Each structure stands twice: as C-alpha cells, then as structure tokens.
Trainee: 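Got a structure here, written out as structure tokens. Questions coming.
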Amino acid sequence: MAVSAVAEPQSFSDPVAILNRALRAAIVKALGEEHADIDPAIRAIQNPQFGDYQVNVAMGLAKQLPGSGNPRQLAAKILAAAPPELGDIADKLEVAGPGFINIRLKTEALGRFLQAMDTAQLGVQRETDTHPIAIDLCGVNVAKQMHVGHLRSTIIGDSLARVLERRGRRVLRENHLGDWGLPIAMVLRELREKRVNLDALQLDDLDRAYRDAQKKAENDEAALEAAKKTLVKLQNNDPALVRDWHKLIDCTMRAVYESFDLLSVNLGPENNRGESFYRDRLPGVVDAFVRSGIAHEDQGAIIVRFDDRERPLIIRKSDGGYLYGTTDLAAVRYRVQELGADRVIYVVDARQRDHFRDVFDAAHKIGWDRTKDGARAELIHVGFGSVLGADHKPLKTRSGENVTLKTLLVEAIARGVAEVTKRAEDPTAPTHGLPESDLQAIGKAVGIGAVKFADLSNDLVRDYEFNLDRMVAFEGRTGPYLQYAHARVCSIFAKAGIGMHGAGAIRSDFRIVEPAEHRLALALLKYGGVVADVARTLEPHRLCTYLYDLADAYSTFYQECPVLKADDPATRQARLRLCDLVRRVLADGLGLLGIDAPRRM
Ligand code: ARG
C-alpha cells in the first residue's frame, strides 16, 4: 500500500515524513544533488516479520543510472549515507530481496511519535495558504425535489469541506442552486395559469407543475413562447413575478433545509449563491470573451472553440439567451477573482464531465484561473456515479418515480433506530435503560452515518447500490461498524470509572511492547498523512479505509492486550492512554466524514 509521500514541514509525529526526509538526504549524499527530487518510494509492509516500511527507490534508480551498480549495491550505498536521524528511530535497517531497504521503527521512537501526536491536532498538519477554497456542492434545482444526486453532492462536498477546514483552510461552501432560467419560468407560468395559491404551496404541487409545464412546452409551441415571455418579464424584474419566484424558492428550500437537518451537514441559507446571483454578470462574460477574441459568432450564436474537440461551448444562443455554461463561467470568475479562491472544487454528477471540461478550458483561455494576487487557481471537477436500486438501475420507487431524498433519509433513520433499540434490550448493552429520546438520537446518528459512509467509502465515480440492510449492519465496512468500534473504546473508560475528561488526563508514557501495540501505534501515526492525502486527492474513501484499518488494529490489540486487567498498573495506564488516542482519532476521522460518534451504542 502506498503511503503519503508529501514531505511536510514540521511532521514530528509522522514517521513516513521523517523517513522521507532522511532518505532524500541520503540519496543526495550518495548520488548527488541532481537526485534531490526523487521519491524514495516508502511503502508500509503488511508482514511485520520484515519490518514496518519498505523503501523501493533503489530498483528504479538502478534502471535509470546504468553503471551505478545493481539495486542491492545502490541500496547499500544509500543506507551508508543515511543521516544519524535514521539510526535514531529505526532498530532494523537493512537491504533485502532484490534491493529493498527494510525499516522497523524502535519502540521508543513509536512512543515519542505518539507523544507528539497526542495534541488536539492529532498529527494533522495545517496548511499555510491563506486563499480560501470554494466547494460547489448540493446544487439543488428550484421547483424540483432534491434527488439522490444532490444528496451525494451534499455529503461528499460537506466531507471534503470538513477535511480542508481541518487542515486549516478557509472553505466557502457554494450552493449553486438551479434557480434561474426557462424551466423556472415555465413553472411560474403554469402555476399562475392554474391559479395555484403560492402561499400554501407544497413541494409536491411544484413537482407536478414542473412536469406538466415540461410536457406542455414539448408539445405546444404557444406554451413555450408564453414561458419565454414570462422569463423575459422575470429577467426585467417584474415585481409581481419576482415575488412569486421567491415563493417558489422558499417552498423548495424549506424541504431542502429539512433534509440538511436530517443529514447534519454544515449548510444553510448563507451558502446559497445560485444561478440567479450571476444573472447580471452574464453579458459581461460574453463581452469579455468576444473582446479578447476567444469567442466568435457562429450562425448568430456566440461560441468558444477548442483545438482538441468538435463540440464548441456556446455562451450565448442565437436568440440572445444565456446558458448553464455562461453562468458557470461567471461563477468561476467570481470565485477566483472576487472571492480569491485558489482551488474551486465542483462536486457534481460525473455525467457533467464534458460540461466542466469545456468551462474550465474556456476559463483557462481567458485567464480567469488567476486570483487578483496572481496565484494560479485549480479548477477541479469531482465527479460521482449514480445511486442504484436493488435491480441495479437508477433508484426508482415502486410506482416508477424518482425516489425523493427525504424518503431515503427517513427510512435510513428508522432502520438505525430499530437496530439501536433492539440492541438496547440486551441487559448487558451499554444502552440498556437509556431514555427513548437518547435511543432515537443514537439511532439517527447510526442511520445517517450508514448512508454517508456508504456514499464516501468507494471510489466516487463508481455507481453504488443503495442497500439499507447492508449499510446499517454493524459488521463489515459500514459506518455503524466504525461508530460501534468507537463506542466500544469509550466503554472501557466507562468501565474503569473514568469520564471522558479524565481520559484525556491520563498521565503515562506510551509504552509500545507487544506486536499488537506496535501495529496499533503505526496505524495511529498514519492519521495526519491520510488526512493530507484526502485534502490533496479529494478522495474520502482513503479516510474510510484508514478508519476501518485502525478499528481492525484496535480490535486485535483488544483481544491480545488486556487493558483493565493488565498485569501491572503501569501497563494498564499506558494501554488506557493508547485507547484514548484511538478513541479520539476515530471520533475525529468520523467527524471529517460528517458522521457522529455516539459514546454508547
Ligand atoms: N443544478 C445542477 C444540476 O442539478 C447542478 C449544479 C452544479 N454546479 C454547477 N456549478 N454547475 O444538475
């Protein structure tokens, strides 16, 4: 398994960062300055018999530098040039096999690293860049139910935001609502025609009006024309129409906020900056593109062409209307040049890949990927796959309609509550006898944790099956399994009669003796590197895998190393301290996934 190769400044508690630095120095000393940028290729070893890490760099180097000796000789040369720092932390340091370097860390070094990690930061390094990062998430459309795709965007975007914030970055969560354009005008016209009372509007009415309006516009030229007229009126700020438009938005957003609330995501009205926000900036976008010679007229439309693809990006239609892409260009410009973001992350369905490719390339052409202070901004589309039903087709209800988000969440919570309630019946369960309201709260955390973990734990572009039975199970790679692992660590402290504050005050050195403790220590020390990896790659599944591995290392430790019944008080204290660190890393890591970690389950 590859481990983090990003060397960071003060990574006192990340052995890989320290090994990286030492090995780079050794390579330069042995082979010359021109190799300063080489990646030592440090990998975690699965079989502890050989050590903790394996360094693979000599194999590649031998190929690159003919005449420099075979990989074993090169590895030996690098080892001979290693700074004393390496000897200080490793008790095994040897050339093995065809030319690896195997390294095992000294147990005292592990103790020192854990000590350094044991702060509120838990080994997570903070980035120093002060530019904000913008995350485009949710993107629900007004007058429609929030669907599963918006659920994924919200969950993934919220988790990425938490990870980046944890790394010390300022994050702007941008909810790019679909609240402008012809579809909205069509619905407005439909509602007015039917004389629907907009003050008593329900989302279902809106949904229905949306479908009816769409059908009419498809079959009836006059209806389409009328909708276009309505749009022009709306664009010209017709007061009555604008008032109705707000009612539509309010009705949609009420339901969206209810879902946010069920989901416990950090998202609210303050994050709304929808398509309508950019409406006055659209003519300026087209203007800028035409003036700089990047866009051209083509049969009355204004388009941007790219050298490497047939399809152009249309930024103004021949009837003068603007498009989804025009708004996105205005948004790039705003986010980078006005908000100053040096990374703009679009968490949007993978099927919009071509759209974002065109928008990003157009933005690069015109130079809107530079902040005012000259930093280059990265524009990234984090695409995700579809959520499938048991039949492996996109999720539908029995009557064939798109499943609404709320139904899914309510169902997930009900399953969580049922599971937690059932477990609480066992007289030995830590939840036995808890009041109903506590069980409800724990059940909600379990149900939502299950949905979020399932959403985040695979490669994001993969489609996945929405299978509540599997997601809510306490066994396997699930959110509830990790929540339960955390609650089990907490229960040790409850049994020992130490409250959670007491847990933090345990005064003992870390003492890493047994193989299971060694493995657990290595797992803990990876945390900061994993969070850095997720911040860089924007792949939350790395954190999911990590937490699962940590829980696994903990469960082996728990079987092999008695804590409360340890042989002597010093061992007991040292192990309690290790447990406390595990508990905090699990809770922190789950928190970055947006998952609550109840103390009792
Ligand atoms: N409203 C769009 C949809 O439902 C998603 C918006 C994504 N964000 C963006 N900047 N285009 O497909």
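Please read all numbers here as calculations on a predicted model, not as lab measurements. In each ligand, atom 1 is the first atom listed, and ligand 1 is the first ligand listed. Numbering of residues begins at 1 and proceeds along the displayed sequence. Heavy atoms only: backbone and side chains are in, while hydrogens, waters and symmetry mates are out.
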Trainee: Is it the case that atom CG in Asp308 sees more than 12 heavy atoms from other parts of the structure closer than 6.0 Å?
Mentor: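 Check passes, neighbour count above 12.
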Trainee: Got a sec, which residues hit side chain to side chain donor-acceptor pair (under 3.5 Å) with Thr407, two or more places apart in sequence or on another chain?
Mentor: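 Applying side chain to side chain donor-acceptor pair (under 3.5 Å) to Thr407 gives Thr404.
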Trainee: Any side-chain donor paired with an acceptor under 3.5 Å for Asn458 and His541?
Mentor: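 Judged by distance alone, the side chains do not pair up.
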Trainee: Tell me, which residues have any heavy atom less than 4.0 Å from some atom of ligand 1?
Mentor: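 For ligand 1, the residues that come within the 4.0 Å heavy-atom cutoff are Asp136, Gly139, Asn141, His150, His176, Tyr324, Asp328, Tyr346, Val348, Gln352, Phe356.
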Trainee: Please determine if Arg309 forms a cation-pi arrangement with Phe306, meaning its NZ or CZ atom is less than 6.0 Å from the six-membered ring centre and no more than 45° off the ring axis.
Mentor: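 Positive - Arg309 is close enough to the ring of Phe306 and near enough to its axis.
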Trainee: Kindly write out the residues that satisfy ring-ring contact (aromatic ring centres under 6.0 Å, His included) with His381, not counting sequence neighbours, or none if the list is empty.
Mentor: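 Partners of His381 by the ring-ring contact (aromatic ring centres under 6.0 Å, His included) criterion, ordered by chain and then number, come out as Phe356.
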Trainee: Only counting residues at least two apart or in another chain, list the ones meeting ring-ring contact (aromatic ring centres under 6.0 Å, His included) with Tyr324.
Mentor: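 Testing Tyr324 for ring-ring contact (aromatic ring centres under 6.0 Å, His included), a comparison that skips the adjacent residues, returns His355.
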